[in-house]
Amino acid sequence: SVLLLRVCLALLAMPIYLLSFLGIWKPFCEKIFFPYFLEKLSVIHNRKTHRQKQDLFRNLPEFASTSGELKLLEIGTGCGTNFQFYPAGCRVTCTDINPHFQQTLTRNMKQNQHLRYERFLVAAAEDLSQVPSGSVDAVVCTLVLCSVLDVDRALREVLRVLRPGGVFYFLDHVAADRSSWKYFWQQSCFPTWKLVFNGCCLTREIWKNLEQANFSELKLQHISVPLTWTPIKPHIIGYAVK
């Protein structure tokens, strides 16, 4: 049944598969389609998770350095939809592997003048070599680990750049329970979804990677985000301390 549905979805998305074969889809997706799609999705996702994000970032000021300054690194900043949840005076460094979010990102920066923006780095989550080791108090990563090439390597970079006692905040969609219909649909949609949405994977059990990483404390919760007619309802949310 999964294979049959995968074939049906592939036939429906045949023009995109053809563009991908010709080498046209990926640059178009990264430059035009995905920034547009993510901007629209972020607005909806933020509305659906507003209360959870407020609760998640409530203790962020507690992780400021002894000087009272809070240095925050956001991985996969995208459109900057998390800025509103950060405390005033927070020094934010933005990173993203895709540089084509600049227009929306700049607009969100102007709307959140309570923050101090340090710099924007074009960098993959697995290679943050431009950020010195132990140099930040907090790292934030939302809707990013679903699409990185190597989750474990990305988490090792998070641990490297965090100072001892620093905190990592995460929110991402994950695989549903393997015995559920949700997981069946995730399996069916997987190949076409990953192609259309720039490498986004539907069936990652990211909580296992977090549990196996070398954090000294892990607060993790499974939640369901009501994103109607999508296979990305199951999420994890929480934070981990180095």
Side-chain angles (χ1 to χ4, degrees), residues 38-39 41-96 101 104-105 107-121 125 128 131 134-146 148 154-155 157-159 161-174 206-207 209-210 213 215-227 232 234-242:
L38 191 61
E39 180 182 359
L41 175 65
S42 296
V43 172
I44 299 170
H45 193 272
N46 244 16
R47 187 169 67 248
K48 302 285 188 180
T49 60
H50 189 85
R51 181 181 58 80
Q52 289 93 336
K53 281 190 175 183
Q54 281 185 322
D55 291 341
L56 175 65
F57 294 118
R58 196 180 304 278
N59 67 343
L60 187 49
E62 298 175 12
F63 292 94
S65 62
T66 52
S67 66
E69 189 175 64
L70 180 65
K71 294 181 180 178
L72 184 148
L73 172 73
E74 181 162 0
I75 300 173
T77 306
C79 305
T81 51
N82 291 324
F83 293 160
Q84 61 182 293
F85 301 102
Y86 300 156
C90 179
R91 295 176 57 183
V92 181
T93 296
C94 305
T95 76
D96 206 292
F101 294 104
T104 311
L105 181 61
R107 184 167 67 246
N108 272 325
M109 285 178 170
K110 290 179 180 178
Q111 292 173 354
N112 291 276
Q113 291 295 315
H114 65 291
L115 305 177
R116 295 168 58 189
Y117 300 101
E118 298 290 294
R119 53 179 176 160
F120 178 85
L121 304 174
L128 301 171
V131 183
S135 63
V136 297
D137 303 301
V139 176
V140 174
C141 188
T142 61
L143 299 182
V144 173
L145 294 177
C146 57
V148 299
L155 292 177
E157 278 292 83
V158 169
L159 282 162
V161 301
L162 278 174
R163 64 163 175 80
V167 63
F168 172 54
Y169 292 92
F170 55 87
L171 170 63
D172 223 313
H173 67 85
V174 293
I206 300 171
W207 65 90
N209 301 90
L210 287 161
F215 290 104
S216 59
E217 180 184 351
L218 177 63
K219 301 288 186 181
L220 186 150
Q221 182 183 2
H222 288 260
I223 62 173
S224 180
V225 178
L227 297 166
I232 58 171
H235 279 58
I236 55 170
I237 186 171
Y239 67 91
V241 179
K242 177 177 175 179

Return the minimal non-hydrogen interatomic distance between [X] and [Y], and the atom names on each side.
{"X": "C141", "Y": "F168", "result": "CB-CE1, 3.5 Å"}
{"X": "I206", "Y": "C146", "result": "CD1-N, 4.0 Å"}
{"X": "L162", "Y": "V167", "result": "CD2-O, 3.5 Å"}
{"X": "A213", "Y": "L155", "result": "CB-CD1, 4.3 Å"}
{"X": "G78", "Y": "F101", "result": "O-CB, 3.3 Å"}
{"X": "L210", "Y": "F215", "result": "O-CD1, 4.2 Å"}

Which distance, rounded to the nearest 0.5 Å, do you find between the [atom1] of [X] and the [atom2] of [Y]?
{"X": "T142", "Y": "D172", "atom1": "OG1", "atom2": "CG", "result": "7.5 Å"}
{"X": "Q52", "Y": "I237", "atom1": "CD", "atom2": "CD1", "result": "6.0 Å"}
{"X": "S65", "Y": "L70", "atom1": "OG", "atom2": "CG", "result": "7.5 Å"}
{"X": "C90", "Y": "R116", "atom1": "SG", "atom2": "CZ", "result": "9.5 Å"}
{"X": "D96", "Y": "L38", "atom1": "CG", "atom2": "CG", "result": "8.5 Å"}
{"X": "C94", "Y": "E118", "atom1": "SG", "atom2": "CD", "result": "10.0 Å"}

When you measure from the side chain of [X] to the backbone of [Y], do you find a donor-acceptor pair of N or O atoms at a distance under 3.5 Å?
{"X": "T49", "Y": "K53", "answer": "no"}
{"X": "S216", "Y": "V241", "answer": "yes"}
{"X": "D137", "Y": "A64", "answer": "no"}
{"X": "N46", "Y": "T81", "answer": "yes"}
{"X": "K71", "Y": "R91", "answer": "no"}

Worked verdict on H45 versus H173 for side-chain hydrogen bond (donor to acceptor under 3.5 Å, both in side chains): CA-CA 11 Å; H45 193 272; H173 67 85; over 6 Å; no

Pair H50-F85, ring-ring contact (aromatic ring centres under 6.0 Å, His included): steps then yes or no: CA-CA 9 Å; H50 189 85; F85 301 102; 5.2 Å; yes

CA sep, side-chain torsions, deciding dist, call: L72, L60, side-chain contact (heavy atoms from CB on, under 4.5 Å): CA-CA 10 Å; L72 184 148; L60 187 49; 3.8 Å; yes

How about [X] and [Y]: do any of their side-chain heavy atoms sit closer than 4.5 Å?
{"X": "N112", "Y": "Y117", "value": "yes"}
{"X": "H235", "Y": "L227", "value": "yes"}
{"X": "F83", "Y": "E74", "value": "yes"}

Given L128, V140, V92, the one that forms side-chain contact (heavy atoms from CB on, under 4.5 Å) with L73: L128

Option among T95, T93, L145 that satisfies the side-chain contact (heavy atoms from CB on, under 4.5 Å) test with I75: T95

Aromatic plane relationship, F63 with Y239 - under 30° parallel, 30 to 60° tilted, over 60° perpendicular: perpendicular

Which donor-acceptor pairs under 3.5 Å do the side chains of residues 217-224 make with protein atoms, sequence neighbours left out?
none

